[in-house]
Amino acid sequence: MVRIGPNTLLPARREAVTLHTGDGLRLVGELALPADRAPVATVVLLHPLPTHGGMMDSHVLRKAAFRLPALAGLAVLRFNTRGAASEAGRSEGAFGAAEGERLDVAAALDFVRARELPRVWLAGWSFGSDLALMHGISEAQDLVQGLVLIAPPLRWSSPEQRAAWAPTGKPVVALVPQFDDYRLPDDVREGCAMIPQARVITLPGAGHLLVGHADAVLDHLVSVVAPETPTPLPRDWDGDCENRQVTIVDSERR
């Protein structure tokens, strides 16, 4: 029995993947599947702002990919948006100020559709949450089950883009740090007021970077996308695992 730590890599079928965008770019990514069973649901992870160090290895997303296939039976797709870099490599293209990334979100959703992965959710952290709000409907309204917004700044998405989620009735759950640097829980409630089904969950004691609060984020994420899985998730693992230190290419500031 070992304690699951920040660098604990639990068993999964892991595959380096390349996503192909509509404008001809190749994006670096990874698909992680449960090692011994079919996935019960799928999470497409969208990372924080790449101009401030955001990438597929940003710590909450890395821990999700390292743990959730084994602990919750989830398929986890993470990737670097255009111009973003991680240990796995740099995606082609340049930062698109949340507009060019529409094609990146589309490429990720095309990928999970082609793989016939079940119950697809978008989960974005910071900048990634705006990408989910902006592009999750236009690119795959029939595919995406709902959104999990982690520390959403609501900086890039417009009120009109958020309001487009209202008639779908699809769940929109925001996990908001109590002491977020950009939007406090009440600010997010106000900013998402045009989505009647939106639900805001406060993460007590947390700041925008979520240092020390990844476990709580993953518990809430799983309770939304795979409610049949008991939470809190196990904090210990009885079986084979690795301790894998990831090289951070850029600073993790957002």
Side-chain angles (χ1 to χ4, degrees), residues 1-20 26-47 55-80 86-89 91 107-125 128 140 143-148 150 175 210 213-249:
M1 186 75 70
V2 298
R3 187 70 173 172
I4 298 173
N7 299 310
T8 303
L9 181 68
L10 299 181
R13 291 175 284 149
R14 302 181 188 279
E15 176 187 355
V17 300
T18 302
L19 308 181
H20 298 274
R26 293 179 296 178
L27 310 179
V28 172
E30 180 202 69
L31 176 66
L33 300 170
D36 55 357
R37 52 181 162 154
V40 299
T42 305
V43 179
V44 177
L45 300 174
L46 303 173
H47 61 67
M55 57 182 152
M56 62 183 273
D57 278 337
S58 292
H59 78 96
V60 172
L61 309 190
R62 181 178 75 241
K63 291 165 186 169
F66 277 18
R67 302 178 192 176
L68 297 187
L71 296 182
L74 299 185
V76 179
L77 176 66
R78 57 188 175 129
F79 65 99
N80 290 326
S86 69
E87 184 180 72
S91 289
L109 295 174
D110 285 345
F111 178 88
V112 296
R113 182 189 286 109
R115 291 293 183 97
E116 299 183 338
L117 294 170
R119 290 167 50 189
V120 177
W121 289 72
L122 286 174
W125 179 11
L143 180 68
V144 174
Q145 302 295 300
L147 306 181
V148 178
I150 304 168
L175 308 178
L210 297 167
H213 296 273
D215 287 349
V217 172
L218 298 186
D219 286 343
H220 285 299
L221 176 61
V222 169
S223 71
V224 172
V225 307
E228 67 276 15
T229 302
T231 55
L233 297 169
R235 306 300 192 230
D236 300 291
W237 179 256
D238 186 9
D240 294 335
C241 63
E242 300 177 31
N243 190 60
R244 185 169 183 271
Q245 183 69 47
V246 173
T247 300
I248 303 301
V249 175

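In this text the structure is predicted, and so the values were computed from the model without any measurement.
- The shortest heavy-atom contact between H47 and M55 is CB-O, 3.1 Å.
- Between R78 and D57 there is a salt bridge, with a side-chain nitrogen of the basic residue lying less than 4.0 Å from a carboxylate oxygen of the acidic one.
- Counting heavy atoms from C-beta on, the side chains of R26 and H20 come closer than 4.5 Å.
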Query - Candidate pair E242 and R14, rule salt bridge (Lys or Arg N to Asp or Glu O under 4.0 Å), full reasoning - result: CA-CA 14 Å; E242 300 177 31; R14 302 181 188 279; over 6 Å; no
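- The number of heavy atoms from other shown groups lying within 6.0 Å of CG (D240) does not exceed 12.
- In this structure, the separation between NE2 on H213 and CG on L175 is 13.0 Å, given to the nearest 0.5 Å.
- Here the OG1 atom belonging to T229 is positioned 9.5 Å from the CG atom belonging to L71, to the nearest 0.5 angstrom.
- Rounding to the nearest 0.5 angstrom, the gap separating the CG atom in D215 from the NZ atom in K63 is 7.5 Å.
- Atom CD1 of residue I4 and atom CG of residue L9 lie 11.5 Å apart, to the nearest 0.5 angstrom.
- What you find for A108 and F79 is that their closest heavy atoms are CB-CE2, 3.5 Å.
- No donor-acceptor pair closer than 3.5 Å links the side chain of D219 to the backbone N or O of P232.
- For M56 against S86, the heavy-atom pair with the smallest separation is CG-OG, 3.4 Å.
- For the pair R13 (side chain) and P34 (backbone), a donor-acceptor distance under 3.5 Å is present.
- Counting heavy atoms from C-beta on, the side chains of L31 and L117 come closer than 4.5 Å.
- Between F111 atom CZ and T18 atom OG1 the span is 9.0 Å, to the nearest 0.5 Å.
- Formation of a donor-acceptor pair under 3.5 Å by the S91 side chain with backbone atoms of N80 is found in this model.
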Query raised in the report: Checking side chain to side chain contact (heavy atoms under 4.5 Å, CB included) for the pair V60/L45: CA distance, chi angles, key distance, verdict?
Result: CA-CA 10 Å; V60 172; L45 300 174; over 6 Å; no
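- For the pair R62 and E87, the salt-bridge criterion is not met [side-chain N within less than 4.0 Å of a carboxylate O].
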**Report entry** M1 and D238: CA distance, side-chain angles, deciding distance, side chain to side chain contact (heavy atoms under 4.5 Å, CB included) verdict
**Finding:** CA-CA 4 Å; M1 186 75 70; D238 186 9; 3.7 Å; yes
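- With contacts defined as side-chain heavy-atom distances shorter than 4.5 Å, the pair F66/V76 does not qualify.
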In a table with atom names and distances, give each donor-acceptor pair under 3.5 Å that connects a side chain of residues 35-43 to protein atoms at least two apart or in another chain.
{"unit_1": "R37", "atom_1": "NH2", "unit_2": "A70", "atom_2": "O", "d": "3.3"}
{"unit_1": "T42", "atom_1": "OG1", "unit_2": "P118", "atom_2": "O", "d": "2.7"}

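- Counting only heavy atoms from C-beta outward, the side chains of V112 and L143 approach each other to under 4.5 Å.
- Under a 3.5 Å cut-off, the side chain of R119 and the backbone N or O of V225 do form a donor-acceptor pair.
- Residue L10 holds its CG atom at 13.5 Å from CZ of R244, rounded to the nearest 0.5 Å.
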Query raised in the report: Where do T8 and W237 land on the side chain to side chain contact (heavy atoms under 4.5 Å, CB included) test, with the steps shown first?
Result: CA-CA 10 Å; T8 303; W237 179 256; 5.7 Å; no
**Report entry** Chi angles and distances behind the side chain to side chain contact (heavy atoms under 4.5 Å, CB included) call for L210, I150
**Finding:** CA-CA 10 Å; L210 297 167; I150 304 168; 3.5 Å; yes
